[in-house]
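First the structure, in the form of C-alpha cells, and then the observations on it.
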Amino acid sequence: MKLVQGAGRASAIPSVDRLLHAGSFAPLLAQHGRTRVTALLRRHLEELRRAARAGTLEPGALADGILAAALAARLTESARLALKPVFNLTGTVLHTNLGRALLPEEAVRAVTRALTAPVNLELDLESGERGERDTLVEPLLCELTGAEAATVVNNNAAAVLLVLSVLAQRREVLVSRGELIEIGGSFRLPDIMRRAGARLIEVGTTNRTHLRDYRDALGARSALLLKVHTSNYAISGFTASVALEQLVKLGAARGVPVAVDLGSGSLVDLTRWQLPAEPTVRAALAAGADLVTFSGDKLLGGPQAGLIVGRSDLVERLRKDPLKRALRVGKHTLAALEAVLSLYRTPEFLPERLTTLRLLKRPAAEMEAQALRLAPRVQQALGGSYQVATTPLGSQIGSGALPVDQLPSHGLVIRAPRSSRGALVPLEGALRALPRPVLGRLKDKALWLDLRCLEPTDEAELLAQLDTLGSIGPVP
Ligand SMILES: *Cc1c(COP(=O)(O)O)cnc(C)c1O
C-alpha cells in the first residue's frame with residue numbers, strides 16, 4: 001500500500017477537541033453522549049498514531065468523515081449488550097447454556113408490569129400488614145400439585161441446598177449410589193451435601209439398591225431419606241431401585257422424612273401429548289414424599305427458580321431459615337412464575353400457550369415444510385462451497401429431562417464438498433459471529449441445524465443475516 005507522506009505522520013493526527021466540534025461528529029454526540037464518544041475517539045486516535053509511527057496509516061484515514069464513520073462503527077459495537085438473542089438450532093429445546101425455557105407472552109407481560117410499577121411483593125393487601133412473598137404463588141403451587149405448602153428459591157440447586165441444610169445439618173442423609181448425580185455446571189450431589197453440612201450415607205451399589213440397604217443404613221443420626229431423579233442419564237441392564245412408595249413406608253416407620261429431588265419434574269402428564277413420560281410432582285407427593293424439589297425453567301417452562309412443595313411443617317422450617325432469605329427470588333421471578341403456573345389451570349390450552357410445550361410438540365411435518373422452504377435460500381446465501389440438504393433429525397428435551405428419548409424433528413444438514421470436518425469449522429464460527437448468533441451442531445463431518453426452535457416469524461431475520469455472510473470458503 002502506498003503511504004502519503006505528511007498526512008501519514010503522527011503529528012498529523014487531529015485533536016480530540018477539534019473533532020468533537022466537527023459537524024460530522026454532532027450526530028454521534030447526540031446519540032451516544034460526550035463521555036462515550038470522547039473515550040472511544042481517544043482510543044481510536046491512539047491506534048491511528050501508532051499506525052502512523054509504524055508507517056501503516058492508510059491515506060485518507062484522517063479525514064473528518066472517515067474518522068466519524070469509523071467511530072460510529074466502534075460506538076455501535078461497544079453499545080451492543082453482552083446478553084443477546086441467538087438462534088437455537090442445536091436441537092436441544094431446554095438448553096442450559098442458552099437460557100432454558102422461553103417465557104410465554106403472558107409471563108413477559110406480567111414481568112414488565114411488576115418491574116415498572118410498585119407491587120404488593122410483601123404486603124398483605126387485606127390486613128395492610130407485612131406479607132410473605134411466597135404466598136403470591138403458594139396457593140397455585142398447592143392447587144397444581146396437591147401439596148400442603150410451597151416455597152420458592154433461586155433455582156433447584158438452591159432448593160436442594162436449603163432442604164439439606166435445614167433438615168439435615170450435622171446429621172445423615174441416605175442416598176442410593178445409583179442416584180449420586182452430577183448435573184452439568186457443577187451441581188454434584190455429594191458437594192451440595194457437604195456444603196449443607198449434611199453427612200452423605202451412600203446406600204446400595206451403582207446399579208442395584210434394595211430396601212434392605214436403606215433399612216440397614218438408617219440410624220439415630222438419620223435425618224432424611226433422599227431420592228434423586230436420575231434425570232440426565234439412564235442405568236439399564238441388571239438394575240434395581242427402590243420405589244418411592246416403599247421408601248416412604250420405611251421413612252414413616254422410622255420417623256424419617258423422605259425428600260425427592262425431581263430435577264425437571266412436570267406439573268402435567270406429558271404422555272397426554274404423545275411426549276415421553278416424565279415423573280410428575282403430584283405423583284411424587286401422592287406417593288407420600290414429604291418434600292419435592294424441582295426447577296422452574298426446565299419442563300415447567302417458566303423462569304429460573306427452585307420450587308419446594310410438601311408438608312407444611314417442613315416448608316415452614318425452610319421458610320424461617322436465614323438461608324432462605326439469602327436464596328429468595330426477586331419480584332420478576334415471582335411475576336413470571338405466577339403467570340406460567342396460571343396457564344396450567346387450563347391444561348387443554350397449554351400446547352398453544354406454554355412456549356416450551358409448543359416447541360416440544362411441534363409437528364415434524366411443519367418443520368419439514370420449513371426445511372424445504374429454507375434449504376434453497378440457505379444454499380444461495382452460502383454459495384457453492386457448501387451443500388445444503390434437508391434431513392430428519394432427533395431433538396432432545398434437554399436440561400436432563402428424558403436424555404434417552406428423541407423427538408422426531410427436521411432440519412438442514414450442511415456439508416463441505418471435501419467432507420472434512422475442518423472445512424465446516426469456519427462456517428460454524430461465522431454463524432456464531434453473526435449479530436444474532438446462529439448455533440447448530442458440528443457432528444459427523446456435517447453442520448446440523450435443527451429447526452424445532454426456529455419460529456416461522458424469525459425466518460426472515462435468519463435469512464437476512466445469512467445473506468451478509470459473504471463467501472466463507474472452506475479451508476482447503
Ligand atoms: C437440573 C437439576 C438440578 C439443578 O437444578 P437447577 O434449577 O439447574 O439449579 C438438581 N437436581 C436434578 C435432578 C436436576 O435435574
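Every number for a ligand or one of its atoms is a count from 1 in the order of the listing. Quick note: residue numbers are just sequence positions, from 1.
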### Query
Hey, does E179 sit under 4.0 Å from ligand 1 if you only count heavy atoms?
no

### Query
Is there a heavy atom of Q304 sitting under 4.0 angstrom from any atom of ligand 1?
no

### Query
Quick one: does ligand 1 sit under 4.0 Å from the side chain of R100, the backbone, both or neither, non-hydrogen atoms only?
side chain

Answer yes or no: does an N/O atom from [X] fall short of 3.5 Å to an N/O atom of ligand 1?
X: A305; result: no
X: D261; result: yes
X: H229; result: no

### Message
Can you confirm whether more than 12 heavy atoms, excluding those of E126, are under 6.0 Å from its CD atom?
### Response
no

Can you list the ligand 1 atoms lying under 4.0 Å from a non-hydrogen atom of [X]?
X: S295; result: 5 (O), 6 (P), 7 (O)
X: K298; result: 1 (C), 2 (C), 3 (C), 5 (O), 14 (C), 15 (O)
X: A157; result: 4 (C), 5 (O), 6 (P), 9 (O)

### Message
Name the residue from R325, R133, K331 that meets the salt bridge (charged side-chain N to carboxylate O under 4.0 Å, His left out) definition with E122.
### Response
R133

### Message
Would the distance check show the side chain of Y344 and the main-chain N or O of L300 forming a donor-acceptor pair, the cut-off being under 3.5 Å?
### Response
yes

### Summary
Minimal heavy-atom distance between H410 and A364, with the atoms involved, is CB-O, 4.2 Å

### Message
Tell me the closest heavy-atom pair linking L285 and G310, and the distance in Å.
### Response
CD2-CA, 4.0 Å

### Task
Could you walk me through whether E316 and K320 pass the salt bridge (Lys or Arg N to Asp or Glu O under 4.0 Å) test, one step at a time?
CA-CA 6 Å; E316 199 46 40; K320 288 213 175 99; 3.7 Å; yes

### Summary
One should read off an interatomic distance between L250 CG and R254 CZ, to the nearest 0.5 angstrom, of 6.5 Å

